[in-house]
Protein chains: 2
Amino acid sequence: MAAETPTMAFAPAHPGAILREDILPNIGMTVTELAAHLGVSRQALSGLLNERRSVSLEMAQKLGQAFQNGTRFWLALQMQHDIWWAERGEAPRVAPIEWHEDDAA
Amino acid sequence: MAAETPTMAFAPAHPGAILREDILPNIGMTVTELAAHLGVSRQALSGLLNERRSVSLEMAQKLGQAFQNGTRFWLALQMQHDIWWAERGEAPRVAPIEWHEDDAA
DNA sequence: TCGCGTGTAACGTTACGCGTGACAGGTTTT
DNA sequence: AAAACCTGTCACGCGTAACGTTACACGCGA
């Protein structure tokens, strides 16, 4: 797999993209209805769908319950996305610290 | 594996705990020195070590560079920790939405 | 035309990571 | 004993970000 590869060709999908492209078309609900169902504002869901907001812990919980794929699925998706972009910008550049793993159990 | 198990016996270690117990004792640096090395305030590092703050994206980048284990290591640790606690509190409780995966490629 | 779904901007609230300044207790060094 | 250092923690202000509410605009189908 390529998860640990330093440079990926393109950014991992934003959670909102997954929701918009893979899920929304298959549940027969409008954005307004889904928002109400999740217990969030229509704007909050819209912002996520259009990738203007990140998936928060609370949002991840709600999505995970609604679609039965758990909190971790959505949060990991967001993390993946964040890391990719973080590695593009100017990294803080910290000098490595040489150290040895502790062999004690 | 037990990662997806609904209920784990105890909480995954806080990132600060890993840093405090596994790393700090093996690098021969004081908290003050490490903070300076990372380019963060002593208070910020102290808060993390004592598990009063979470690992931010920026902090994860710095730790990952310093200890050569990457941003993802620290961020995933924090995520694991957050999820565990989120599942303990009162979940938002959202009704499941039945849906079918899209079979189209 | 009217109603509905959607995107978006503006405003205030809340939460949190962070830096700086400051104080206290403990340990080491002189 | 006194000075120097390490560490934890509190207070303050700042910047950022998610969220709800209100409001406006556009598109589409009835």
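The figures that follow rest on heavy atoms only: side chains count, while hydrogens, waters and symmetry mates do not. Chain identifiers are assigned alphabetically (A, B, ...) following the order of the sequence lines, protein sequences preceding nucleic acid strands; residue numbering begins at 1 within each chain.
Straight-line distance from the NZ atom of B:Lys62 to the C1' atom of C:dC18: 9 Å, rounded to whole Å. Computed from coordinates, the A:Met29 CE to C:dT6 C1' distance equals 15 Å when rounded to whole Å. Whole-Å rounding puts the A:Leu63 CG to D:dC19 P distance at 10 Å. A straight line from CZ of A:Arg20 to C1' of C:dG7 spans 13 Å, rounded to a whole angstrom. Taking atom CE on B:Met59 and atom P on C:dC16, their separation rounds to 16 Å, with Å as the unit. The CZ atom of B:Arg53 sits 12 Å away from the C1' atom of D:dG8 (whole-angstrom rounding). Summarising the geometry, the separation between CG on A:Leu38 and C1' on D:dG20 is reported as 15 Å, rounded to the nearest angstrom. We find that CG of B:Leu57 is positioned 13 Å from P of C:dG17, with the value rounded to whole Å.
Distance alone, capped at 3.5 Å, places no donor-acceptor pair between the A:Glu51 side chain and the A:His14 backbone.
Counting heavy atoms from C-beta on, the side chains of A:Thr71 and B:Asp82 never come closer than 4.5 Å. Side-chain contact between A:Gln68 and B:Glu98 is absent, with no heavy atoms from C-beta onward closer than 4.5 Å. Considering only heavy atoms from C-beta on, A:Trp85 comes within 4.5 Å of A:His81 through its side chain. Contact of the A:Val94 side chain with the B:Leu63 side chain is not registered, since no non-hydrogen atoms from C-beta on lie closer than 4.5 Å.
For B:Thr30, counting side-chain heavy atoms from C-beta on, the closest listed nucleotide (D:dT7, D:dA18, C:dT6) is D:dT7.
A close approach under 4.0 Å does not occur between any side-chain nitrogen or oxygen of A:Ser54 and OP1 or OP2 of D:dA17. The side chain of A:Thr32 places no N or O atom within less than 4.0 Å of a non-bridging phosphate oxygen (OP1 or OP2) of C:dC4.
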For this session: Would you check, one step at a time, whether the test side-chain contact (heavy atoms from CB on, under 4.5 Å) holds for A:Leu34 with A:Ile27?
Result: CA-CA 9 Å; A:Leu34 178 56; A:Ile27 60 174; 4.3 Å; yes
Exercise. Can you check side-chain contact (heavy atoms from CB on, under 4.5 Å) on B:Glu87 and A:Gln61, steps first, answer last?
Worked result: CA-CA 8 Å; B:Glu87 284 172 349; A:Gln61 285 189 90; 5.5 Å; no
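Of all the residues in residues 42-52 of chain A, A:Arg42, A:Gln43, A:Ala44 reach under 4.0 Å from DNA chain D with at least one non-hydrogen atom.
Using a 4.0 Å heavy-atom criterion, one finds that A:Ser41 contacts the bases of the nucleic acid, with or without backbone contacts as well.
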